[in-house]
Each structure stands twice: as C-alpha cells, then as structure tokens.
Amino acid sequence: MFAYGAQYYRPPNPPSDTWADDLSQMADLGFNTVKLWAMWNHAHPAEDEFDFGELDELVELASERDLDVVISLILENAPHWLVDRYPEARYEDHDGGKVDVRARPNTPGGGWPGLCLNHDAVRDHAERFTRRLAGRYSEDPTVTSYTTWDEAFFEPNLHFPDKRFCYCEACRDKFEDWLRDRYGDIDGLNEAWETRYTSWSQVEPPKYHGGYPRYLDWLRFRLDSQQEHMQWRASALDESDATASVRAHGISGNLGDLPHRFNDDWRSADTVDEWGTTTFPHWGPDHPEITTDAERQTLDHHLMLDVARGAAGEKPFWQTELQGGHVRSGNSIDPMGLTRGPDPDPESMALWNWNALAGGATGLLYWQYRPELLGHESPGFGLVRRDGSRTERTEVAASFADLVSERPVLEASEPVRGDVAVGTLAEAPLFNYVAEKDTEQFATAVRGVYRALWATDYQVDFAKPHQFDGYDAVYLPFPLLLEPSTVEAIEAYVDGGGTLVTGGAPAVYDENGRCLRESPGHDLDEVFGTRLRTTRYADDETLEVADARAAVSADGGTPDVATAPAAARRDVFDPTTATALGRWSDGGVGATVDSHGDGTAMAVGTLLGRAATDSDALGAVRSTLSHLFDRGGASPTVRCSDGAVQTRLHATDAGWLLYVLNPTDESRTVDLQCTETGTVREALGDLRVDAADPLRVAVDERAGGALLF
C-alpha cells in the first residue's frame, strides 16, 4: 500500500473538538495514513506520570476510520521537571553559556531544544519514556510505525548560528572516550594531532577554528554521537513494539549541512527500516527566502528526493513531509512570525506529487493537515483552512490519493540505476568547514553538478563509496581530502571498470588535514597517472576539455573542445602516464585521463559544479560533463529534445514507467528516446502522446505524468 496522508497532531494543536470530523474527512479524501507527534514534555508531565490520553483517543479515532497511524517520537522538548533536576545537562555553547529551554515554532508548548542526551541520567529517562510509549501501542495494529527522529539533525547548532555545541561535561567526557578508542593512548593522539600533551586532562574539545586535526576529530565525534543516539532510539522502539516498523527522515544534511546538523543521511538510514525526507519547495535551499520559481522548486525537490533515495539504498523511502500550505519563516531566535509565502497553487501541488513519485517515494505525507494555530508558524502549512474546510490543494491531494490507490504500479515501480552517480563523501563538507568556517565551496559544487547533469538528460543518483559498483561513471565534486576507506573504494571501482571524474585534484590532504607533499596522495597518483604541480584560486579563466574523439595535442589545439569556466580552484597537473585532456588558457594542463585496471580515471582541476551555479555558465559545464562522461562510456538512458523537461525512468514487473515533468510556465512538446522502452500502453496525468515513432509527447505547463510501456 502506498502510504498517503498527512501530519495531524502536534500538541497543543489541533483542538480536540476537531479530531473526529478531521479524521473522517481525511478518510473521505482517500488518505490511509495519519502522523501524530508524541512530545516528551507534553506526555510526561511528572517523573512517574505518563499521559497518553490524547494519543489514545486519536489512535482509536483513526482505527475506526481505517487510517494507519505513524507516531513520531519527539525528545527535543524536555519535561520541565527533568530540567529542574539536571540543570547541568542543558546544552553548553563554545563560550560556556547554557541554553535555557523555551518555546519555538515547532514546540509551542516549551521545553525546546531539550537536554543533552549524552548525559546518562537524561538519556535513561528519555529511554524510559520511549519504551513506555511503544509498549502502550504494541498490541494495537492501527499503529503501524514509529518515527525515531523527525528531521534527524542536531538542533542547537542550526538555530544558534553564532554558537557551537555541545561542550557540557558529559560531551567532553564522551569525546575523551572516543579519542581513546581511536588512538589508544596519549602518544597516539599526539602523533595524529601534532601535539605535545602529557596527560588526557589537558585535552579539550576544540571551540574555535584554527587546527585541522582536532576540529576534524571533534566533528567526527559529533557525527558518531548523533548516529549512536539514532540507534538507541530505534532499538528502544523496536524492542518495545516488534510488530511496528521504525522509520526516520532527514533534510539532506549531506548537501552541505553535515558539520552543523550532524545528520549523515546514509548512516541515519542504516538505523531504521524506512527512510524519508522533508521538502518545502517554496523555501528552497536558501531558507527562509521564499521562492515561487517552479523550475527551481522542481530541481531542488528532486535533489533532496535523490539524496534520500540514495541514503535509503534498498529500503523504502517516503516523502515524509511535503508542504501542504503557505510556509512561515523565522524561528525563536530570529522571529518572523508575520512573514509568509503564497499558498501553493493546485498546479504546484500536483507537480510536487509527480516529483515524489518520479523520485521513487513509496509514501507521501503532507505537512500538515490543519494550519498551525500557535506561535511563529501560525497560521501556516495547512492543507485545509483554519475551520477545516477543503481547499483546491485538498482536492489535488484527494485526486492523487485515488491515483496511487488505483495504480499500484506507481508504488511497485523503482527508479532504474542512474547513468551517473554523484559521489557523497562525509569528509568533504567536514574539511571545507574546518578550512573556511562554512561549506559553501562544497555545497555549491554538489548542487551545481546535479543541476548540470539533470539538465543534460542524465539519470542522477547519489552514492557513498560502498555503493559505487555498478555505475558507469561517478563524479566526485569536492575530493580534496579523502579518508583511507574512500581511497580503497575508488581504487576498487576504477580497477573494476568504472569511470571516475573529479572536480578538483583528489587527495591533496590526508585524513587529518595535512597537506600531502605529493598529490594525488595515498597512491592515487598511480590511479590517475598524474601529479598536481600548482594550484591557486581561479580568476576569470577557462578550461578547454577535448571531446570523446580526440585528446589535446601537444600545442594545446584540438578539433573539438568544450570550454568551461574555472571556479574556486585552478589546478595544474603534470601527467605521468595520463593523457592531457584539457588545458588552461596559458597552456597548463588542467585535466587528465588515464586507464587503470579495467577503468578510467579523470582529474579535472576546478570545481565544475560550482561553476554551474551561474546560469550563464551552465551550458558550458553541461557540454564539458558530456565530453567527460561520453569518453568514459556513460550515456543518458533517456534523451529529451527539451532540456527544460525532465524525465525519470522506472522499472516495473511488467515493463517500464517513464515520468515526464514540465516545471515551466508553458506547455511543451518533446521528442523522447529511450534505450529500454517499447510501445506506450497508457499515458497518466497531464501527458498526451502525439506520435509513437519517434515518440513525441505533449505535457501541460507546470505539470507532469507518466508513460506506461
């Protein structure tokens, strides 16, 4: 069953006198799932008092209406009695300040951001609440799953941008334990950090930028700590209710927010049965900026869906939160309670649904059913009006509920493996952050290369190194620092016949942030057949890259080249066994290609993805990437005559399903070529087949659909 529904209950909203009618209306709309928040401070008002009365009533109402219930465990709002008992467990910033609990938009009842779960006593109470919650509904088939962590990220860092967390005594002690496990003794730590400590008492977590090894280790520890918290939540829920599944969802922390949010989507997804993502297209990546650009919304939406699907791997993934009404901006730190975006129009709502289906989602829940009524988010996000009456958006949701229930192929199909994978390395944003106090170079490199590939007909996936096998080509957008495990995966992938392309010289730094004497380091110079001679910041320069039919000649000329602008880096290489594939305007070698084992390795001396964020340079980057991947044998499975119209191919038990999406403000007619599909059997959504051979399809403005083959 394709899970389709909405988030409903986040105390103190909605008012209890609306519950029965609202859930009846949800069932009438064709919804089959409702999500309810179990907020720690609301349901655990005293140490020996657990109050699940409201949840009990809602679960019973849902059961009467044949709605499945997802219960979200919310521990980011500590009970006030617990705060009183353990004030030392409040989060501590790098300047020693403690964070008092408070209300914020998603926690209007107070208690946010909770207490530090590295504090053993606090964690014991949190686990007691978690087990009591899951145990209460363990015999109720209406509760089909639990969410271990909504938008699984470390909240204090994100909402206090001028502060860094957490430096409480419990975190300091656990960091020391982590270092002991990693390095063994103080001598091992000194060797790794280039320090001269004489005892562990002298070791402090880094609070300021300036030292690479210790800050990298601090971020690694914070990531490990976050994942350990994810795992114990999942274990406590699963052990207390073995019949329900355990899920979680993120907001694509791997796109640049890893050093702040500590949510590695891949590692988080490993802790649960099902994974998901939040997407509010009107916010886009520059939250709280509000965008109504449908093309940008569609691009960013697919980007987040593809990251979530890559993280989920073989597991199901949901569009766990999809914008249901107008967004509200701001938070408790920077309140903007009166700033609002427009209500999504029906066309946008329909397109977002098609996006989620094309991305491979096996469930979709709106955030949220009723508008928020308290705090900075009011009266935002509602799929219905404040009085509960239906809107045009509600009707769109109902139509898609009917569609997915009548067409089980939409759930059963799966996106085919991408033509190209964007390599997702946790060490990349961490290093960018310790080097520059932000992740701007990394984040723009990733988003830009996705934009360029997406506009060049490639079916794009995101993959960690252990997932590289099977892809014709992998692109590493920011490979300056590589962990040893990543190096091993790269060597195995290229040896096995894959094509690897880097944006910037690979392995310039070792895992502790030392600049290597020779790079590519870790013996990758043998894989790439080249060495880095010089590097500097790029400044209005261009790189000419030869096409798949010709290498650059000795004088730098070539019969056919793609010219790409430099971005951030201007690396010059000395090929050893490699062939010069591209040159800078002064003749210096800026790209190389070499064979290694059964595969191909290409080093490109600039951040091509970062260049693609400039719309004027997008065409040049697209052409350059096509040159590179064509040379490596990676070609688009689906080709579309109009770069503004996007496609995603799915495999089904009985054939193929091709999604066609038009985010532009005018209808389009496109010619489609696919290496896999045959004759169109049916067109779903806003698609019309104008010709069969070659396949010509008309798609309405800001609309989508799917072709069944």
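Because the structure is predicted, anything quoted here is derived from the model rather than measured.
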From L383 CG over to Q323 CD, what is the distance, rounded to the nearest 0.5 angstrom? 11.0 Å

Checking S72 side chain against T147 main chain: does a donor-acceptor pair fall under 3.5 Å? no

Testing the 3.5 Å rule here: is there a donor-acceptor pair between the side chains of H249 and E151? no

Do any pairs count as a salt bridge (Lys or Arg N to Asp or Glu O under 4.0 Å) and have a residue in residues 345-361, sequence neighbours left out, and if so which ones? D345-R702

For Y450 and D300, which I'm curious about, is there any donor-acceptor pair between the side chains at under 3.5 Å? no

Before accepting this row, confirm whether a basic side-chain N of the pair R407/D402 lies closer than 4.0 Å to the acidic partner's carboxylate O. no

For the rings on F381 and H326, is their centre-to-centre separation under 6.0 Å? no

Looking only at atom types and distance, does a side-chain atom of W454 sit under 3.5 Å from a main-chain N or O of Q459, one as donor and one as acceptor? no

Just do the side chain to side chain contact (heavy atoms under 4.5 Å, CB included) check on L581 and R631 with the steps written out, would you? CA-CA 10 Å; L581 182 60; R631 175 179 287 275; 3.3 Å; yes

Measuring only between side-chain heavy atoms, which start at C-beta, is F317 closer than 4.5 Å to D265? no

Between CZ of F462 and CZ of R309, what distance do you get to the nearest 0.5 Å? 9.5 Å

Report yes or no: do S268 and N263 form a side-chain donor-acceptor pair below 3.5 Å? yes

Going by side chain to side chain donor-acceptor pair (under 3.5 Å), name the residues that satisfy it together with D22, two or more places apart in sequence or in a different chain. Y8, T18, R370

Between T456 and Y458, is there a donor-acceptor pair closer than 3.5 Å when you use the side chain of the first and the backbone of the second? no

If you define the side chain from C-beta out and look only at heavy atoms, does anything of V307 sit under 4.5 Å from W266? yes

Only one of Q646, Q297, H302, R648 forms a side-chain hydrogen bond (donor to acceptor under 3.5 Å, both in side chains) with N355, so which one is it? H302

Can we say R10 and E372 salt-bridge, meaning some charged N sits less than 4.0 Å from an Asp/Glu carboxylate O? yes

Checking E701 against S667: is there a side-chain donor and acceptor pair closer than 3.5 Å? no

What do you reckon, is CZ of R390 surrounded by more than 12 foreign heavy atoms closer than 6.0 Å? yes

Going by atom types alone, do T439 and N432 pair a side-chain donor with an acceptor below 3.5 Å? no

Is the backbone of L672 close enough, under 3.5 Å, to the side chain of R639 for a donor and an acceptor to pair up by distance? no

What do you reckon, is CD of Q673 surrounded by more than 12 foreign heavy atoms closer than 6.0 Å? no

CA sep, side-chain torsions, deciding dist, call: V604, V501, side chain to side chain contact (heavy atoms under 4.5 Å, CB included): CA-CA 7 Å; V604 180; V501 183; 4.1 Å; yes

Side chain to side chain donor-acceptor pair (under 3.5 Å) partners for E411, two or more places apart: none

Within 6.0 angstrom of R688 CZ, more than 12 heavy atoms from elsewhere: yes

If you measure from the Lys or Arg side-chain nitrogens to the Asp or Glu carboxylate oxygens, is any gap between D700 and R668 under 4.0 Å? no

Looking only at side-chain N and O atoms, does Q319 offer a donor or acceptor that is under 3.5 Å from a partner on H301? yes

W275 side chain to A312 main-chain N or O, any donor-acceptor pair under 3.5 Å? no

Side chains of Y471 and D461: donor-acceptor distance under 3.5 Å anywhere? yes

Counting only heavy atoms not in E414 (residues, nucleotides, ligands), do more than 12 fall under 6.0 Å from its CD? no

Mark yes when over 12 heavy atoms from residues, nucleotides or ligands other than E392 sit less than 6.0 Å from its CD; otherwise mark no. no

Separation of T652 OG1 from L657 CG (nearest 0.5 Å): 7.0 Å

Is it true that T391 and T394 share a donor-acceptor pair across their side chains at a distance under 3.5 Å? yes

Over 60° means perpendicular and under 30° means parallel, so classify the ring planes of F31 and Y369, tilted if in between. perpendicular

For G388, does its backbone N or O pair with a side-chain atom of Q25 as donor and acceptor, under 3.5 Å? yes

Residues T637 and R417: side-chain donor-acceptor under 3.5 angstrom: no

Answer yes or no: is there a donor N or O on one side and an acceptor on the other, between the side chain of T444 and the main chain of R610, under 3.5 Å? no

Distance in Å, Y433 OH paired with D257 CG, rounded so as to fall on 0.5 Å steps: 11.0 Å

Any chance you could measure L322, atom CG, to N353, atom CG, to the nearest 0.5 Å? 6.5 Å

Test of ring centre spacing under 6.0 Å for Y4 and F400: no

Please check if the side chain of R393 supplies one atom and the backbone of G382 the other of a donor-acceptor pair under 3.5 Å. yes

Is it true that D457 and R622 make a salt bridge, defined as a side-chain N closer than 4.0 Å to a carboxylate O? no

Within a reach of under 6.0 Å around CG of D387, are more than 12 heavy atoms found that belong to other residues, nucleotides or ligands? yes

Atom CH2 in W318, atom CD in E274: separation rounded to 0.5 Å? 6.0 Å

Taking S405 for its side chain and A401 for its backbone only, find out whether a donor-acceptor pair lies under 3.5 Å. yes

